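Heads up: the structure comes next, in structure tokens.
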2 protein chains.
Amino acid sequence: MNVDERLPSEAELADQFQVSRSTVREALKRLAAQNLIRTQRGATGGAFVRRLSYDEAYAQHITTSTLLLSMNAVDFQTACEARFALERACAPLSSARRTPDHLATMRAEIHRQAQPGLSDERFCDSDVAFHRALVDGAGNPVLSYQLAGAVEAMQPLMNMITFTQRNRDVIIGLHTRIADALEMQNGADADAALAELTTYTLTLGEEAMEARARR
Amino acid sequence: MNVDERLPSEAELADQFQVSRSTVREALKRLAAQNLIRTQRGATGGAFVRRLSYDEAYAQHITTSTLLLSMNAVDFQTACEARFALERACAPLSSARRTPDHLATMRAEIHRQAQPGLSDERFCDSDVAFHRALVDGAGNPVLSYQLAGAVEAMQPLMNMITFTQRNRDVIIGLHTRIADALEMQNGADADAALAELTTYTLTLGEEAMEARARR
DNA sequence: GCGCGTTTAATTGTCTGACATTTTAGACAG
DNA sequence: CTGTCTAAAATGTCAGACAATTAAACGCGC
């Protein structure tokens with residue numbers, strides 16, 4: 001079945017498979033839920049094979065990853081390690097290919113992170129946006145897609161951390177160093193800064209876990 | 001809603017939302033298709049919130065990634081670059097943590113790849129199995145999950161390549177070098193070998209594309 | 001009281017037929 | 001040729017019925 005090809009009508013399918021139209025409809029709803037078909041009403045309507053769009057797959061991947069992490073109690077350390085390992089894979093590509101647009105986004109998010117009175121949640125939002133710009137800088141949509149799951153799904157875990165001003169200063173410093181390195185096209189330093197950010201984030205995570213355990 | 005919590009019965013939902021039971025059922029089928037609920041028949045039956053299992057999410061991620069690559073005509077170079085960049089992110093972790101089991105799997109697949117008369121398709125299967133062992137060696141399920149999409153979804157693209165004996169010898173040599181490096185816990189050399197494998201695979205891909213264009 | 005069939009009730013699964021809604025294609029008048 | 005109306009085709013929704021399945025309640029002998 002090729003993209004945009006039309007499936008037989010519900011009545012025809014019901015007849016063909018010797019089931020009722022209700023049953024056919026439930027099956028079609030299943031396919032629709034998986035974004036495999038779209039339905040259209042009217043005379044020339046019906047169910048059509050759908051092209052899986054990048055944006056939909058991206059959103060779905062994030063949802064699934066987030067659910068997977070939260071429902072299976074993946075620990076902070078494992079998720080964090082995976083996230084930064086993958087991001088570091090992007091660093092050399094991103095330092096070679098990042099556009100002024102990516103750099104501008106990163107600078108803007110750093111500026112936002114430094115604003116006083118920013119809630120922890122907003123700080124995390126901005127953090128995700130910063131790292132997404134870093135990943136997108138590699139200019140490889142497949143990479144961006146695969147990493148979306150790791151970066152965005154970490155956000156609920158990151159939200160458990162309380163970011164003190166001191167914490168934020170350290171993170172902002174490393175973010176600045178990463179942005180600088182990418183601007184200078186210095187992949188090695190970007191990688192080094194990401195490595196530091198990894199260990200620092202792991203430390204923060206451990207502290208948050210301990211604080212949570214004491215409560 | 002927590003895991004294993006029960007939703008109201010179809011009749012209750014229909015009553016609550018003032019729609020017919022058919023409509024409720026179609027909606028429930030949608031949720032079931034997304035693996036969000038499971039239904040159970042009988043007296044104490046109903047729809048229950050489902051824990052998203054790692055294996056299901058893994059399988060779904062591969063399916064979606066494969067569809068995304070094939071339906072959106074992602075070029076070989078982009079997919080290949082993403083795949084190897086991500087794999088290289090695993091190399092240091094895998095060289096530190098790989099178990100004898102992972103090494104044995106890699107050796108076995110290398111042996112299989114050297115067998116004469118192996119079809120191109122089987123060679124690709126084995127290649128994927130080898131790289132999966134490499135990734136799993138990092139001992140991070142989140143990493144394995146995220147990489148599954150990149151590694152497995154590449155397979156259809158890899159299957160377009162015709163592997164001559166000479167090609168295979170080069171790849172097997174690099175695979176052996178990777179396995180040796182992991183065994184010696186030499187992350188740097190594993191990374192270097194993966195880098196070589198990246199450029200070599202890209203070359204093969206380009207040749208295959210040219211051959212296909214000439215036809 | 002305890003074990004063991006039997007019944008009963010609740011729930012999902014399926015079928016049937018009907019009607020509403022939407023959309024296109026074609027007939028028809030101007 | 002153009003605009004309008006109508007018919008047909010398709011999905012969307014509804015109501016009601018029955019089948020299938022499962023667990024709990026019941027009754028009964030012991």
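Chain letters run A, B, ... following the sequence lines, proteins first, then strands; residues in each count from 1. Keep in mind that what you see is a predicted model, and the values were worked out from it rather than measured.
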Residues which pass side chain to side chain contact (heavy atoms under 4.5 Å, CB included) with [X], listed by chain and number, not counting sequence neighbours:
X	result
E81(A)	L93(B), R97(B), N140(B)
A153(A)	S65(A), T66(A), L69(A)
R30(A)	A33(B)
N35(A)	R50(A), L52(A), E56(A), Q60(A)

Show every donor-acceptor pair shorter than 3.5 Å between a side-chain atom in residues 8-19 of chain B and any protein atom, with sequence neighbours excluded, or say none if there are none.
unit_1, atom_1, unit_2, atom_2, d
S9(B), OG, E12(B), N, 3.3
S9(B), OG, E12(B), OE1, 3.4
E10(B), OE1, R21(B), NE, 2.8
E10(B), OE1, R21(B), NH2, 3.0
E10(B), OE1, R25(B), NH1, 3.4
E10(B), OE2, R25(B), NH1, 2.8
E12(B), OE1, S9(B), N, 3.0
Q18(B), NE2, D15(B), O, 3.1

>> I need the full list of salt bridge (Lys or Arg N to Asp or Glu O under 4.0 Å) pairs touching residues 135-152 of chain A, with sequence neighbours left out, sorted by first then second residue.
In response: R132(A)-E152(A)
> Looking at residues 27-43 of chain A, who's got a heavy atom less than 4.0 Å off DNA chain D?
Replying inline: T39(A), Q40(A), R41(A), G42(A), A43(A)
> Is there a residue in residues 5-13 of chain B whose heavy atoms reach under 4.0 Å of DNA chain D, and which residues are they?
Replying inline: none
Answer whether the closest heavy-atom distance between the side chains of [X] and [Y] falls below 4.5 Å.
X	Y	result
L204(A)	T162(A)	no
F163(A)	L118(A)	no
E5(B)	F48(B)	no

Between N or O atoms, less than 3.5 Å apart, protein on one side and nucleotides 4-8 of chain C on the other: list the pairs.
none

Hey, what are the protein-to-nucleotides 14-16 of chain D N/O distances that come in under 3.5 Å?
unit_1, atom_1, unit_2, atom_2, d
dC14(D), OP2, S20(B), N, 3.0
dC14(D), OP2, S20(B), OG, 3.3
dC14(D), OP2, T23(B), OG1, 2.7

> Salt-bridged, D127(B) to R83(B), with N to O below 4.0 Å?
Replying inline: yes
> Which residues satisfy the ring-ring contact (aromatic ring centres under 6.0 Å, His included) test with F76(A), sequence neighbours excluded?
Replying inline: none
>> Please determine whether a side-chain nitrogen or oxygen atom of R25(B) lies at a distance below 4.0 Å from atom OP1 or OP2 of dT12(C).
In response: no
> Starting at the 5' end of DNA chain C and moving along, which residue's nearest nucleotide shows up first, A47(B) or T44(A)?
Replying inline: A47(B)
For residues 103-113 of chain A, run the donor-acceptor check on the side chains, cut-off 3.5 Å, and write out each pair with its distance to 0.1 Å, sequence neighbours left out.
unit_1, atom_1, unit_2, atom_2, d
T105(A), OG1, D101(A), O, 3.0
R107(A), NH1, D180(A), OD1, 2.9
R107(A), NH2, D180(A), OD1, 2.9
R107(A), NH2, E183(A), OE1, 2.5
E109(A), OE1, R112(A), NH1, 3.3
E109(A), OE1, S126(A), OG, 2.8
Q113(A), OE1, H175(A), ND1, 2.7
Q113(A), NE2, E109(A), O, 3.4
Q113(A), NE2, S126(A), O, 3.4
Q113(A), NE2, S126(A), OG, 3.0

>> I'd like to know whether CZ of R6(A) has more than 12 heavy-atom contacts from other residues, nucleotides or ligands below 6.0 angstrom.
In response: yes
>> What is the separation between atom CZ on F48(A) and atom P on dT24(C), rounded to the nearest whole Å?
In response: 10 Å
